[in-house]
Visitor: 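Below is a structure I'd like to ask you about.
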Protein chains: 4
Amino acid sequence: MPLSEQQILNMKVKRKKILEAATYLFATEGYGGTTIKKVSEAATVSFGSVFTYFKDKEELFYTVVVEPLEDFSKQMLAFDEHAENPLDELKRMITNHIKIFSEINHYLQLVVQDIGQHERFRESFEKLDAFHDEFRGKVSVLVKNGQQKGLLEKQDSLIVATLYTSLLIGFRLNSTDKRYSDISEKVALSTLNIFGPIIK
Amino acid sequence: MPLSEQQILNMKVKRKKILEAATYLFATEGYGGTTIKKVSEAATVSFGSVFTYFKDKEELFYTVVVEPLEDFSKQMLAFDEHAENPLDELKRMITNHIKIFSEINHYLQLVVQDIGQHERFRESFEKLDAFHDEFRGKVSVLVKNGQQKGLLEKQDSLIVATLYTSLLIGFRLNSTDKRYSDISEKVALSTLNIFGPIIK
Amino acid sequence: MPLSEQQILNMKVKRKKILEAATYLFATEGYGGTTIKKVSEAATVSFGSVFTYFKDKEELFYTVVVEPLEDFSKQMLAFDEHAENPLDELKRMITNHIKIFSEINHYLQLVVQDIGQHERFRESFEKLDAFHDEFRGKVSVLVKNGQQKGLLEKQDSLIVATLYTSLLIGFRLNSTDKRYSDISEKVALSTLNIFGPIIK
Amino acid sequence: MPLSEQQILNMKVKRKKILEAATYLFATEGYGGTTIKKVSEAATVSFGSVFTYFKDKEELFYTVVVEPLEDFSKQMLAFDEHAENPLDELKRMITNHIKIFSEINHYLQLVVQDIGQHERFRESFEKLDAFHDEFRGKVSVLVKNGQQKGLLEKQDSLIVATLYTSLLIGFRLNSTDKRYSDISEKVALSTLNIFGPIIK
DNA sequence: TATGAATGAGGATTCATTCAT
DNA sequence: GATGAATGAATCCTCATTCAT
């Protein structure tokens, strides 16, 4: 007797509630500071249910880090590195990225934790690392494109791409409480500078 | 019976060994993943000794975060925001900062953890935050100085200062394994761009 | 709506599969080491079904111990304690018993567990104990019979009967892996000695 | 600062109390039915102390099975398989073994559990098995010796030795409650029969 | 001050049992 | 009857902290 539509739906909702609670808690209290009991309470789910959906705490953490990555990755890579006008594309990209980052406060904390303790969270770290490489690579191509067209000054494009990621991450970490939106335009403009635009 | 010179020295050495071990462990395994036993073993110190030097785990963490801050702060603030030639000073400053950051891999992990979980580590976070404000403020003054002298393009100097910190932090986080030194010069040059130098 | 023939048959088959799986698991992994999930998987039956057939784990264990007892008892008592020729009867009996025991490896493990932990498994233990008494009694009568006919040397017949049971049990326990059949004839002969046959 | 004599003594006592409580509980309630809490209470020791002395439950079980083996083994092997008069030696041995077994009620339950679930308790089982082999081998030599001297009838000596062990184990299991001592002499005499003594 | 055994509260995990479908 | 998700009590184990030596 297979599960009914309704049951499957309920389960999906439940699973999502757990993941959301876990994301928040892992981010704000760390892996060790997060207990399954806290998660179950925050998700308004029974204690045992957490284990119905996730084998153990580690799998829960892994899922919380890796599962959003696909969607996040898609958003972050949504720019055209071969654009006719690389400078415009760059501006659009930056604005977009800042917007994306402004919405993933907790997730980013998780990511940073995972990176910092990559020995401990090896598997999920590898996924993150793979994405990071892909992302930097693509940004780097766009930068080269801009440089060849004489729109950006010559710099090591991979380094610049890395600095750009660094900036995105670091800025989000630095701005825990403040509202991004108020200043995002200014931020975007200043950020563009990192790429050394020749005519703005 | 007062302690002999030698004893006092031994105790200082021991305390330092504990702090070093704790820094490494807190950074790589997190607060929850770090146990006093691990610390004592990594420091080649008896289990009980850790409690001789630190009241409890929390105090150990606090110390590990806050104690290096004084020295770190001094190094980070060692630039002249009223320099005659702000652009040169900026270059000098960046190079210096990158060098400093290259040496504090583990400590920075700690800092990021502390910031991310500032609810949990309130006291130490406040110290970090205070330093951050001071630092940004001073950088911001230097930037304004440069702008007034027409050497830097006009931007919101506080935002730029924040981005600069973000970049320093983010870049260090991103470069877990690679050797900074190999690329630090290029990084410094690209980083300068953030400040919008008009003539380089 | 009464159940169809087929349904009733299916249920009997299912029940039996569960009992067989449970016998094996209780025997090899102990009561505590056996979980309902394992049983359901080994019986290729759904998790919930185990509870359809057995109220709880305890009832399952009880059934697994007690239900085979009736049949086992019948087989074990299938000898004539008033036989004309007690020595021949004894030989026949021993051979038969050894054969029976050779086929009940797992069940015997269960029995021994039950006996060893009789406090815990009081109810089933009582059934086992009752059978044991009956069995020893009947063997003892046969032995006395033989002694009176001058075919067996005088010994305490109940003690001998107890030793005989002990030997059957002990030998089965000792021979986990080896094939009984290869040596069963020799074993039977040597076992006979316990009864002190005067002319063999 | 090494532990004082007194402390070391206390620890030995504590360790022994735990082992005794564990032996009793494992024997009467099984591995799964025995909880660390029960053990600690029965040993009048704090819960945590059990883990100070034994890494985990499994190690506790292992120790409880294997540690007494050395002493037990020594006692059980204390007979001369090359004795001038094998029959006398056999009698002495049997009496001695019955006495030994009369004192190890709980331990034997443990052993039987270990054997029955040898898959689960592989390591300790191997130790038991090794002893069993040695024991049977030595008994077998004594039997052969007796047979060559015409004091015992010809039988497969290894099978007889196995039957003998079986009987010792089986009898102990069968006699949970009764006092051995009352009947041990009769038991010894009847047991001797297994070896087929020609003149008694 | 140094040491490491003692303690028990707290946390992860398991699992028998219930129950809605 | 059949199924398997939901539940939380019970269990193993860890570990910060205490304290006797």
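Lettering follows sequence order; numbering is per chain, from 1. FYI, side chains are in, hydrogens and waters are out, and symmetry mates aren't considered; it's all heavy atoms of this structure.
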Visitor: Nearest to the side chain of D/F51 - F/dA6, E/dG4, F/dC13?
Guide: F/dC13

Visitor: Check whether NZ of the Lys or CZ of the Arg D/K55 lies under 6.0 Å from the centre of the six-membered ring of D/Y62 and within 45 degrees of that ring's axis.
Guide: no

Visitor: What's B/K55 touching, base or sugar-phosphate or nothing? Going by heavy atoms closer than 4.0 Å.
Guide: nothing

Visitor: Both A/G48 and D/G48 contact DNA chain E. Which one's nearest nucleotide lies toward the 5' end?
Guide: D/G48

Visitor: Search all heavy atoms of A/I18 against all heavy atoms of A/S49 and return the closest pair with its distance.
Guide: CD1-O, 4.2 Å

Visitor: The test is salt bridge (charged side-chain N to carboxylate O under 4.0 Å, His left out); show your working for D/K37 and D/E41 and say whether it passes.
Guide: CA-CA 6 Å; D/K37 191 160 176 281; D/E41 279 165 3; 3.2 Å; yes

Visitor: State which residue, out of A/D129, A/T63, A/D114, fulfils the side-chain hydrogen bond (donor to acceptor under 3.5 Å, both in side chains) condition with A/S124.
Guide: A/D114

Visitor: Round to the nearest Å and state the distance from A/Q7 atom CD to E/dC19 atom P.
Guide: 16 Å

Visitor: Using whole Å, what does the distance between atom C1' of nucleotide F/dA6 and atom NZ of A/K14 come to?
Guide: 5 Å

Visitor: Report, as yes or no, whether the 6.0 Å neighbourhood of atom OH on D/Y24 holds more than 12 heavy atoms from other residues, nucleotides or ligands.
Guide: no

Visitor: Within this structure, what is the CZ-to-C1' distance between A/F54 and F/dA6, rounded to whole angstrom?
Guide: 15 Å

Visitor: Calculate the interatomic distance between A/R15 atom CZ and F/dA5 atom P; express it in whole Å.
Guide: 13 Å

Visitor: Nearest-nucleotide wise, let me know which of A/M11 and B/K57 is further upstream toward the 5' end of DNA chain F.
Guide: A/M11

Visitor: Taking a pair as Watson-Crick or G-U wobble with both distances under 3.5 Å, which nucleotide is matched to E/dT21?
Guide: F/dA2

Visitor: Quick one: is D/S49 getting a side-chain N or O under 4.0 Å of the E/dT7 phosphate, OP1 or OP2?
Guide: yes

Visitor: What is the base-pairing partner of F/dG8, counting Watson-Crick and G-U wobble geometry with both distances under 3.5 Å?
Guide: E/dC15

Visitor: Consider side chain to side chain contact (heavy atoms under 4.5 Å, CB included). Of B/V65, B/I104, B/I115, B/T28, which one does B/L110 pass it with?
Guide: B/V65

Visitor: For C/L60 and E/dT17, give me the distance from atom CG to atom C1', rounded to whole Å.
Guide: 14 Å

Visitor: Tell me, which of residues 19-41 of chain B have any heavy atom that sits under 4.0 Å from an atom in DNA chain F?
Guide: B/T34, B/T35, B/I36

Visitor: Per the side-chain hydrogen bond (donor to acceptor under 3.5 Å, both in side chains) rule, which among D/R120, D/E119, D/Q113 passes with D/Q117?
Guide: D/R120

Visitor: For E/dA2 and B/Y53 - does any side-chain N or O of the residue sit under 4.0 Å from the phosphate oxygens OP1/OP2?
Guide: yes

Visitor: Without decimals, in angstroms, what is the distance between A/L9 CG and F/dA5 C1'?
Guide: 15 Å

Visitor: Would you mind reading off the distance between B/F47 atom CZ and F/dC15 atom C1', rounded to a whole angstrom?
Guide: 7 Å

Visitor: Name the residue closer to the 5' end of DNA chain E, choosing between A/E58 and D/V45 according to the nucleotide with the nearest heavy atom.
Guide: D/V45

Visitor: Over all heavy atoms of both residues, which pair between C/L60 and C/F26 is shortest? Give the atoms and the distance, please.
Guide: CG-CE1, 4.0 Å

Visitor: Once you apply a heavy-atom cut-off of 4.0 Å, does A/D56 come out as touching a base, just sugar-phosphate, or nothing?
Guide: sugar-phosphate

Visitor: Output the rounded distance in Å from CD (D/Q6) to P (E/dA5).
Guide: 16 Å

